[in-house]
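What follows is a short report on a single structure.
Along the sequence shown, residues are numbered consecutively beginning with 1. Note that ligands are numbered from 1 as they come in the structure, with each ligand's atoms numbered from 1 the same way.
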Amino acid sequence: MIQIQAFEMFLSSPACKIEVPERLTVSHEALVQSGLADRCVSIPVREATDADILLVHSEEYLEAVKKTPYMTLEDLKEFTLQYGDVYFHPNIYHCAKLAAGAALQLVDSVMTGKVRNGMALVRPPGHHSMRSAASGFCVFNNVAIAARYAKQKYGVKRVLIVDWDIHHGQGVQYSFEDDPSVLYFSWHRYEHQKFWPQLRESDFDSVGKNKGVGFNINVPWNKVGMQNSDYLSIFCHLLLPVAYEFNPDLVLVCAGFDSAIGDPEGEMCATPDIFAHLTHLLMNLAGGKLCAVLEGGYNLTSLAQSVCQTVQTLLGDPAPPPANLDGPCKSALDSLHCVRSAHRQYWSCLKHAEEEEEEKTLDKGEEGNSIEEKVWPEPPKRVTPTIRTAVVLPDGVTCPDGCKRFSSSEDLDPLIISKLNDVSGFMHAVLGLLLPLAYEYDPTLVLLVRMSDAGLCEIVWQQLTGLLQGLAQGHMLVLMQDGEKECVGPTASSLLGYPAPSLGQLPAPLPEDVASIESLRHRLKADWKLLQTTGDFTT
Ligand code: X5A
Ligand code: ZN
């Protein structure tokens with residue numbers, strides 16, 4: 001689902017050099033050129049109403065912004081000066097209402113089941129704007145408004161906001177700081193508070209307040225040049241375990257692509273194809289209900305490629321193999337370690353996280369990854385298989401809809417994937433051990449064997465199959481035993497790309513399971529860099 005909000009009129013030369021209308025036109029053009037636009041349902045945009053905007057912003061602020069279309073350029077300039085890094089054009093109030101309204105239309109479409117998921121391509125962006133202030137190119141907080149709206153209109157109990165934009169969405173943080181029903185996760189260029197917006201409260205120790213304590217997760221990047229491995233490590237060892245424990249009813253993504261290579265603001269080195277994986281990994285949460293809303297992204301080439309990667313994954317196409325997963329850098333591991341330590345008291349999946357050492361010295365002058373390389377290959381051409389799923393079935397088992405039936409041959413010798421019976425322990429092993437290992441191994445085929453005595457409930461099995469489809473370009477072979485006939489349907493559903501049902505709020509994993517998983521992780525982490533969770537080899 002795509003919504004384009006493209007009109008914009010700068011008088012002569014743009015006041016802002018990077019947050020430009022071309023961001024939307026190149027993104028849309030790339031979606032059209034790649035054939036992706038045709039496969040999306042277009043949802044009409046609407047203006048957010050005053051009531052919508054007031055879900056997050058103050059009446060005084062809304063009234064002030066309302067006056068901007070009638071101001072003289074002089075007055076506009078002066079109005080702008082009270083805020084940081086934002087530009088008011090006579091038309092921006094209108095555009096900002098449409099940007100927020102587009103996010104709400106997307107929420108409506110996903111919550112009513114009109115579409116499974118979607119992306120709203122909007123500007124101005126939203127995540128920096130606060131209750132009574134514009135900031136960082138943002139006027140209204142599109143995603144924060146969408147979260148409150150979903151709670152109010154659909155009774156959504158828990159909303160996960162994943163902010164993968166390279167700036168800290170301080171506006172989102174402030175909106176939900178003391179609200180345990182909205183989990184806000186943000187990673188952002190920080191450089192020990194040297195990078196905009198240079199806030200003390202963007203650091204890892206801002207964990208939320210009052211009832212919302214534990215529900216604000218900040219991952220500060222203290223170096224530029226972060227790469228695919230750094231992003232994937234944070235997902236496997238922090239965001240995903242916490243997200244599964246939180247069990248959201250809806251996932252909103254502050255989808256800024258200034259976290260991709262080539263971006264002049266972010267100066268990071270993650271390639272556009274990483275967004276296929278970030279998206280994929282979130283798609284089995286909340287029964288697949290995911291709304292991505294564009295935030296930043298200022299390198300037009302990188303932006304357009306990243307948007308396509310995200311949309312193609314939302315459409316269900318297999319993800320390309322992620323480029324250069326050679327392990328996280330020291331600085332990323334230090335950040336990961338700090339966040340896990342700060343949150344271990346709030347999340348049972350992090351209970352085992354190593355405690356913060358007394359005087360951990362960060363960044364001993366070690367160089368981060370090089371940012372010299374600003375040229376990157378075009379992401380590999382992604383395929384849409386004509387037949388997505390084939391099944392080989394014994395007689396008497398009906399072929400699930402949407403699958404192609406193959407005739408069966410001889411018996412197959414099954415392999416054991418895991419003996420863990422406890423759901424939390426199992427998910428802990430999948431997210432913290434199996435996924436990072438598998439990503440680093442980069443298989444060409446995933447062979448998944450279901451043992452009849454595995455004791456895995458169907459939903460966990462579907463989660464596993466769903467998550468592993470991010471590997472090997474989705475090439476997966478599932479072997480099942482005779483006694484598992486009732487699981488053919490759920491398995492096929494997952495292979496066909498239907499999101500797995502939610503697991504419910506996960507209890508703490510059994511200590512003995514955690515202990516065995518952790519000891520295995522420790523044994524393997526010397527050889528498998530994506531298994532590391534700290535920069536210190538000995539812990
Ligand atoms: C949405 C977004 C960036 C503001 C940068 C100001 N804003 N220096 O990416
Ligand atoms: Zn940004």
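- Using a cut-off of 2.8 Å, one finds that H167 contributes an N/O/S atom close to the Zn ion (ligand 2).
- Residue H167 is tested with H188, E265, R189 for a side chain to side chain donor-acceptor pair (under 3.5 Å); the sole match is E265.
- The Zn ion (ligand 2) has no N, O or S atom of E265 inside 2.8 Å of it.
- For the Zn ion (ligand 2), the nearest N, O or S atom contributed by D258 is named OD2.
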For ligand 1, list every N/O pair with the protein closer than 3.5 Å, one pair per line with the distance.
| from | atom 1 | to | atom 2 | distance (Å) |
| --- | --- | --- | --- | --- |
| ligand 1 | 7 (N) | H128 | NE2 | 3.3 |
| ligand 1 | 7 (N) | G136 | O | 3.1 |
| ligand 1 | 7 (N) | Y298 | OH | 3.3 |
| ligand 1 | 8 (N) | D85 | OD2 | 2.8 |
| ligand 1 | 9 (O) | H167 | ND1 | 3.2 |
| ligand 1 | 9 (O) | D258 | OD2 | 3.0 |
| ligand 1 | 9 (O) | Y298 | OH | 2.5 |

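- K67 has no carboxylate O lying under 4.0 Å from a charged side-chain N of E63, or vice versa, which leaves the two without a salt bridge.
- Aromatic rings from W187 and F204 are positioned such that their centres are separated by 6.0 Å or more.
- For K209, the salt bridge (charged side-chain N to carboxylate O under 4.0 Å, His left out) partners two or more places apart in sequence, or in a different chain, are E177.
- Residue pairs meeting the ring-ring contact (aromatic ring centres under 6.0 Å, His included) criterion with at least one member in residues 281-329, sequence neighbours excluded: F137-Y298.
- Between Y184 and F215, the gap from one ring centroid to the other reaches at least 6.0 Å.
- Qualifying side-chain hydrogen bond (donor to acceptor under 3.5 Å, both in side chains) partners for D52, counting only residues two or more places apart in sequence or in other chains: R46, T49.
- For D205 and R200, the salt-bridge test passes: some basic side-chain N is under 4.0 Å from an acidic carboxylate O.
- The closest approach of D165 to the Zn ion (ligand 2), by N/O/S atoms, is made by OD1.
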